[in-house]
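Below: the structure, in structure tokens.
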Amino acid sequence: MVIPPRRLGEILVESGRISPAQLEQALEQARKSGTRLGEALVKLGILSEEDLARSLAQQLGLPFSPTVNWEREAVKLVPEQVARRHRVLPLSRRGQVLELAMANPLDLLAQEDVSLLTGLTVQPVVVPGRALDDALRRAYQMGALEESLTAEEPQEIEIFRLRELVEQAPVVKLVSSIIEQALAARASDIHIEPQEQGARVRIRVDGVLREMVDVPRAAQAPVISRIKLMAGMDISVRRLPQDGAFRVEHQGRSVDLRVSTLPMVHGEKVSIRVLDRAQAITRLEDLGFGPDALETYREILRQARGMVLVTGPTGSGKTTTLHASLIWLNDPGLNLVTVEDPVEYHIPGVNQVQINEKAGLTFAVALRAILRQDPDIIMVGEIRDPETAEIAVRAALTGHLVLSTLHTGRAAQSISRMLEMGLEPFLVASALRAVLAQRLARRLCAYCAESYVVPEDAPERAALSLPPGPVELKRARGCPRCEERGFQGRVGIFELLPVDQGVRDLILARQPAAAIHEYAVGSGMRTLEQDAIRKALLGIISLEEARRVAFGGE
């Protein structure tokens with residue numbers, strides 16, 4: 001396909017994407033830094049990489065894709081050095097046409113070289129530059145690894161062969177690369193998932209999973225075995241779950257990785273939890289409380305007696321809140337003891353107990369022993385059973401401050417859950433001081449979030465209870481600082497229910513969670529939905545994120 005040799009700046013100005021003044025600014029930046037115009041526009045924040053690619057595709061009538069998905073056979077048609085020199089990646093071959101991912105579709109020389117090399121007609125597909133660079137690395141890295149292994153490796157590789165493969169440089173390099181990229185992206189989890197044709201690697205960043213790389217079938221067992229070996233597991237055990245851990249150095253700091261394996265239909269699934277102390281929140285002020293809710297929560301903790309529950313689904317930051325609470329409470333004059341499964345972060349000055357159910361050290365057993373250790377403040381990682389619940393409640397009634405978590409959606413639902421566990425209403429009413437329900441929402445990137453006004457007739461106004469009149473909100477845009485995703489970090493969404501006499505009366509009367517919730521709202525409790533909308537109005541999160549996180553119908 002022949003593309004008119006027009007300049008990028010002309011196209012962007014004509015399409016109205018940038019102004020002539022912005023073009024001059026970017027050209028000056030490009031001259032000073034020795035980079036291309038497109039890179040300068042992105043670096044200056046005038047355009048995001050995706051906006052740049054989308055604009056070019058629209059103006060030139062070319063297909064655009066925000067992601068890069070390639071076929072192995074197509075990649076083999078172009079040598080790595082050629083692909084990297086021209087910054088292109090073959091995607092697929094359809095007859096005599098080769099789809100070619102390009103960040104700069106105006107590069108006619110690159111198209112001509114690839115066409116001469118392959119003997120095929122080139123069809124450019126415009127993609128964002130960062131996505132292309134990432135795909136280039138992954139595509140040829142996988143190719144090198146696949147070639148280094150035996151193409152006909154059986155599905156069940158012998159153990160002695162596995163021990164050889166896990167020490168091979170390509171396998172070691174790939175595993176190290178996966179971990180390094182995950183840490184650089186601030187991932188909280190790494191998932192290696194066996195599929196029929198290989199393994200998919202995904203990472204969780206800011207609570208959302210995203211694809212990272214595909215591991216060829218021949219490399220699946222060596223890669224997984226390499227991780228198991230690093231975590232101190234038995235690589236000969238493939239049909240039973242295993243747990244392990246190891247530590248790596250990243251940017252001058254130690255990062256702990258907890259590894260879990262699970263047998264699947266097509267092999268072993270590996271899940272790695274990243275415990276990076278540098279990323280851990282240690283202050284209550286950093287969680288995302290509003291000023292009034294933060295002071296109320298602190299006042300409850302200052303009472304130093306009774307029970308405080310933090311509730312929410314898995315991954316909602318409950319343990320982080322409890323740890324921040326302990327750090328705020330920590331004092332040389334107090335004896336703070338925790339019982340956790342597992343102990344993820346070590347807190348100086350706090351006595352922490354690791355559960356070991358195989359050895360008989362359960363939450364209930366540990367809690368009974370802790371009560372004989374003269375504690376002032378006790379943190380129970382999770383109340384899982386009636387026995388633990390009863391011991392924790394009785395500890396709260398005997399002058400201790402007990403912090404713990406439950407898996408419920410709403411603050412009021414935690415009270416009903418305690419009663420469902422068989423606890424007497426008078427015990428719950430007497431022990432409980434507050435329940436904090438929470439979620440985690442993705443923060444908008446502070447560098448690229450763009451403002452917009454919600455129209456008067458927008459349906460979300462009524463559905464999300466937005467205030468009347470013009471409402472200015474912010475939404476995700478994308479820039480190099482946030483990897484074009486528009487989000488950076490997370491913030492808590494909270495629903496704090498203090499247990500006053502009115503709530504106690506409802507508990508004693510065995511009223512349902514809905515009645516307790518209604519009373520608390522009438523007494524001034526800000527709900528999860530209200531807190532999410534408040535953070536959207538403040539420009540901390542987007543309206544879409546508020547809806548996703550807090551309006552789940554629980």
Kindly compute the distance separating [atom1] ([X]) from [atom2] ([Y]), expressed to the nearest 0.5 Å.
| X | Y | atom1 | atom2 | result |
| --- | --- | --- | --- | --- |
| Arg547 | Ile541 | CZ | CD1 | 11.5 Å |
| Gln111 | Asn104 | CD | CG | 9.0 Å |
| Ile235 | Ile224 | CD1 | CD1 | 12.0 Å |
| Leu132 | Ser65 | CG | OG | 11.0 Å |
| Leu538 | Leu473 | CG | CG | 10.5 Å |
| Ile272 | Ser188 | CD1 | OG | 12.0 Å |

Minimum heavy-atom distance between [X] and [Y], given as atom pair plus value:
| X | Y | value |
| --- | --- | --- |
| Leu528 | Ala437 | CD2-O, 3.8 Å |
| Pro222 | Val171 | O-CG1, 3.7 Å |
| Ser542 | Phe487 | OG-CE2, 4.2 Å |
| Gly492 | Asp531 | O-OD2, 4.1 Å |
| Gln29 | Ser33 | O-OG, 2.8 Å |
| Met233 | Gly244 | CE-N, 3.3 Å |

Tell me whether [X] is salt-bridged to [Y], with the criterion being a basic N under 4.0 Å from an acidic carboxylate O.
| X | Y | value |
| --- | --- | --- |
| Glu268 | Arg238 | no |
| Arg273 | Asp189 | yes |
| Arg186 | Asp276 | no |

What verdict does the side-chain contact (heavy atoms from CB on, under 4.5 Å) test give for Met212 and Arg202, after you've listed the backbone C-alpha separation in whole Å, the side-chain angles of each residue and the deciding distance to 0.1 Å? CA-CA 5 Å; Met212 183 177 177; Arg202 296 192 293 172; 5.9 Å; no

For Glu80, enumerate each residue passing the salt bridge (charged side-chain N to carboxylate O under 4.0 Å, His left out) test, keeping only those at least two apart in sequence or located in another chain.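 So Glu80 forms a salt bridge (charged side-chain N to carboxylate O under 4.0 Å, His left out) with Arg84.
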
Set of residues satisfying salt bridge (charged side-chain N to carboxylate O under 4.0 Å, His left out) with respect to Glu340, sequence neighbours excluded: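 Glu340: no salt bridge (charged side-chain N to carboxylate O under 4.0 Å, His left out) contacts found.
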
Starting from the C-alpha separation in whole Å, work towards a yes-or-no answer on salt bridge (charged side-chain N to carboxylate O under 4.0 Å, His left out) for Asp256 and Arg247. CA-CA 5 Å; Asp256 292 320; Arg247 180 174 292 177; 2.6 Å; yes

For a 4.5 angstrom cut-off between non-hydrogen side-chain atoms, does [X] reach [Y]?
| X | Y | answer |
| --- | --- | --- |
| His407 | Pro313 | no |
| Ile227 | Ile178 | no |
| Arg475 | Glu450 | yes |
| Arg283 | Ile327 | no |
| Pro79 | Leu117 | yes |
| Arg443 | Gln488 | no |
| Pro241 | Leu262 | yes |
| Val201 | Val223 | no |

Ring-plane angle category for Phe289 and Phe494, please: parallel below 30°, perpendicular beyond 60°, tilted otherwise.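 Parallel, since the angle between the ring planes stays under 30°.
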
Quick one: does [X]'s side chain have a donor or acceptor within less than 3.5 Å of a partner on [Y]'s backbone?
| X | Y | value |
| --- | --- | --- |
| Gln123 | Val97 | no |
| Gln220 | His266 | yes |
| Lys228 | Val237 | yes |
| Lys318 | Gly312 | yes |
| Lys535 | Val491 | no |
| Ser115 | Leu120 | yes |

Applying salt bridge (charged side-chain N to carboxylate O under 4.0 Å, His left out) as the test, list every pair that has at least one member in residues 93-119; sequence neighbours left out.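 Checked against salt bridge (charged side-chain N to carboxylate O under 4.0 Å, His left out) - neighbours excluded - the pairs reaching residues 93-119 are Glu71-Arg94.
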
By side-chain hydrogen bond (donor to acceptor under 3.5 Å, both in side chains), which residues pair with Lys474, not counting sequence neighbours?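 For Lys474 there are no side-chain hydrogen bond (donor to acceptor under 3.5 Å, both in side chains) partners, ignoring immediate neighbours.
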
With sequence neighbours excluded, what pairs up with Gln242 under the side-chain hydrogen bond (donor to acceptor under 3.5 Å, both in side chains) test?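 Partners of Gln242 under the side-chain hydrogen bond (donor to acceptor under 3.5 Å, both in side chains) test: none.
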
Could you work out, with side-chain contact (heavy atoms from CB on, under 4.5 Å) as the rule, every residue matching Leu183, not counting sequence neighbours?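 If we apply the side-chain contact (heavy atoms from CB on, under 4.5 Å) test to Leu183, skipping adjacent residues, the hits are Ile179, Val248, His250, Val255, Val274.
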
Modelled atom types, side-chain donor and acceptor of Thr321 and Gln438, under 3.5 Å: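 On atom types as modelled, these side chains qualify, holding a pair under 3.5 Å.
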
Evaluation steps, salt bridge (charged side-chain N to carboxylate O under 4.0 Å, His left out), between Asp133 and Arg130: CA-CA 5 Å; Asp133 293 337; Arg130 188 181 295 271; over 6 Å; no

For Glu196, I'd like to know if atom CD has over 12 heavy atoms of other residues, nucleotides or ligands within 6.0 Å.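 No.
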
Tell me, with the steps shown, if Arg258 and Asp243 meet side-chain contact (heavy atoms from CB on, under 4.5 Å). CA-CA 8 Å; Arg258 295 187 183 273; Asp243 293 298; over 6 Å; no

Starting from the C-alpha separation in whole Å, work towards a yes-or-no answer on side-chain contact (heavy atoms from CB on, under 4.5 Å) for Lys269 and Glu193. CA-CA 5 Å; Lys269 180 184 183 300; Glu193 304 164 327; 3.8 Å; yes

Sole residue of Val68, Val88, Leu89, Leu91 in side chain to side chain contact (heavy atoms under 4.5 Å, CB included) with Val125: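 Exactly one pass, corresponding to Leu91.
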
Given side-chain contact (heavy atoms from CB on, under 4.5 Å), test Leu44 with Gln22 step by step and report yes or no. CA-CA 9 Å; Leu44 289 169; Gln22 288 175 320; over 6 Å; no

